[in-house]
Amino acid sequence: MSLLSVSDLRVGFATEDGVVQAVDGVSFDLSPGEVLAIVGESGSGKSVTAQTLIGLTRAKNARIEGSVQLGGEDLLSAGDAEMRRLRGERIGMVFQDPMTSFNPVYRLGNQIVEAIRAHRGDVSKEQGRARAVELFEAVGIPDAKRRVDDYPHEFSGGMRQRAMIAMALALEPEVLIADEPTTALDVTIQAQILRLLEQLNRERNLATILITHDLGVVAEVADRVLVMYAGKVVEQGTLDEIFYDPQHPYTWGLMGSLTRIDRPRPRRLPQIAGQPPSLLDLPEGCPFRPRCPHEFSKCPQYPPLEAKLPESPGHCDRCWLSPEEKREKRLVEGQIGLEAPRA
């Protein structure tokens, strides 16, 4: 049974140059204990999708449509006071940069205590501090009783990220959103954070949304994957479907850009040619068309997001190529990738 249900979510921002449609028709369901990864390049709409779920994109110039249901409550129609109650209480968020997410002049423990007492006024400062220590221990911060009195700058990047996760879990939410939780961390610390998120998801039965551009991160923890490009979902499916039978050329490009340690090192790491399009001036039809070496006559029409594989009814994509053509064209030097652009 789904806990969080997002249906046809659209988020646009009015600017002097026109409307920037940052999210365009995103839909998904999320169940307790499930990890949904949303992947794509910067500017694809991942973070705006997540921030809209917790009411952080509301502004005078924002145009938000669709439906977001959390256990029967409609988050898009909830007032600001109601959203303040739901944030932290039912949905927790781990932001991309923990250094700027904490107040630099307050001790970390005090910031967590403040968040707890803002929702639960009957909790004393002493009880709040004990809860902060408990949370620090739960996320693997050593010497927690002493370290709750440290300032953010006294923590390393990995420890700050753990503290950010502790704050997000302070009120035991049902949904956890982790926005690029391993950005700027070295590989060993990144692995520790991923293991921590996986452990917390399993122990607390959290419904987790993981936002990232790194498919290597996705492979570690995700159950299902949404691939976004130019504000739209271009492919969705289970982890195995996306990794072993990807159907959209953009997904092939993301996978082909990964460093492989099980193959000879290439002369140059493959990359997707060109740049993501401006959301103010999208190309006609498929927005990936200008960067795709497999463009043909149908591409000026935008295909719907639909399943084309009878054996995988939940595996959907937006590409006019047939499944047989896709399986042939996605192999570049014996592995999944995107061909170099035509000269």
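Reckoned from all heavy atoms, side chains included, excluding hydrogens, waters and symmetry mates. Predicted, not measured: the structure shown is a model, and the values here were computed from it.
Contact of the Ile209 side chain with the Leu53 side chain is registered, since non-hydrogen atoms from C-beta on lie closer than 4.5 Å. Side-chain contact between Val123 and Val113: absent, with no pair of heavy atoms (C-beta onward) separated by less than 4.5 Å. Leu30 has its side chain out of reach of Val6: every pair of non-hydrogen atoms, C-beta onward, lies at least 4.5 Å apart. Contact annotation: the side chain of Leu4 approaches that of Val68 to within less than 4.5 Å [non-hydrogen atoms, C-beta and beyond]. Two residues are said to be in side-chain contact when any heavy atoms from C-beta on lie closer than 4.5 Å; His294 and Leu338 meet this criterion.
To the nearest 0.5 Å, the span separating CG on Leu176 from CD1 on Ile165 amounts to 7.5 Å. Within the model, atoms CZ of Arg117 and NE2 of His119 stand 13.5 Å from one another, a figure rounded to the nearest 0.5 Å. One distance of note links CZ of Arg291 with SG of Cys286; it measures 11.0 Å at 0.5 Å rounding. Rounded to the nearest 0.5 Å, atoms CG (Leu169) and CD1 (Ile112) are 10.0 Å apart. Annotation: the span from Ile38 atom CD1 to Leu226 atom CG amounts to 5.5 Å, rounded to 0.5 Å.
Of the candidates Glu235, Met228, Glu41, Glu41 is the only one forming a side chain to side chain contact (heavy atoms under 4.5 Å, CB included) with Tyr250.
Distance alone, capped at 3.5 Å, is enough to place a donor-acceptor pair between the Arg129 side chain and the Lys145 backbone. With Ser5 contributing its side chain and Asp29 its backbone, the two residues share no donor-acceptor pair below 3.5 Å. Of the possible polar contacts, one joining the Asp223 side chain to the Val35 backbone as a donor-acceptor pair under 3.5 Å is found. In terms of modelled atom types and a separation under 3.5 Å, the side chain of Trp320 and the main chain of Phe296 share no donor-acceptor contact. Side chain of Asn61 to main chain of Ala14: a donor-acceptor pair is present (N/O by atom type, distance under 3.5 Å, no hydrogens or angles). No donor-acceptor pair under 3.5 Å is formed between the side chain of Arg318 and the backbone N or O of Val234.
The side-chain hydrogen bond (donor to acceptor under 3.5 Å, both in side chains) contacts involving residues 14-25 comprise Arg10-Asp24, Asp24-Lys232, where partners must be two or more places apart or lie in separate chains. Evaluation of the side-chain hydrogen bond (donor to acceptor under 3.5 Å, both in side chains) test over residues 150-161, restricted to residues two or more places apart or in two chains, returns Arg147-Asp150.
For Ala115, the side chain to side chain contact (heavy atoms under 4.5 Å, CB included) criterion is met by no residue, not counting sequence neighbours. Annotation: side chain to side chain contact (heavy atoms under 4.5 Å, CB included) contacts of Cys319 (sequence neighbours excluded): His248, Pro249, Asp317, Leu321, Lys326. Taking Glu89 as the reference, Arg120 meet the salt bridge (Lys or Arg N to Asp or Glu O under 4.0 Å) condition, with sequence neighbours excluded.
Val225 is not connected to Leu210 by any chain of hydrophobic side-chain contacts under 4.5 Å among Ile, Leu, Val, Met, Phe, Trp and Tyr, and they are in different clusters. Note: the hydrophobic cluster containing Ile193 also contains Ile141 (ILVMFWY, side chain heavy atoms under 4.5 Å, direct or indirect links).
At most 12 non-hydrogen atoms from other residues, nucleotides or ligands lie less than 6.0 angstrom from CD of Glu114.
For the residue pair Glu325 / Ser322, a side-chain donor-acceptor distance below 3.5 Å is found, with atom types taken as modelled.
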Going through the distances and angles, do Asp245 and Arg330 end up as a salt bridge (charged side-chain N to carboxylate O under 4.0 Å, His left out)?
CA-CA 10 Å; Asp245 196 17; Arg330 72 189 180 194; 2.8 Å; yes

Passes salt bridge (charged side-chain N to carboxylate O under 4.0 Å, His left out), Arg195 versus Glu198? Steps please.
CA-CA 5 Å; Arg195 279 198 299 271; Glu198 188 176 23; over 6 Å; no

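When hydrophobic residues (I, L, V, M, F, W, Y) are linked wherever their side-chain heavy atoms come within less than 4.5 Å, the members clustered with Val105 are Tyr106.
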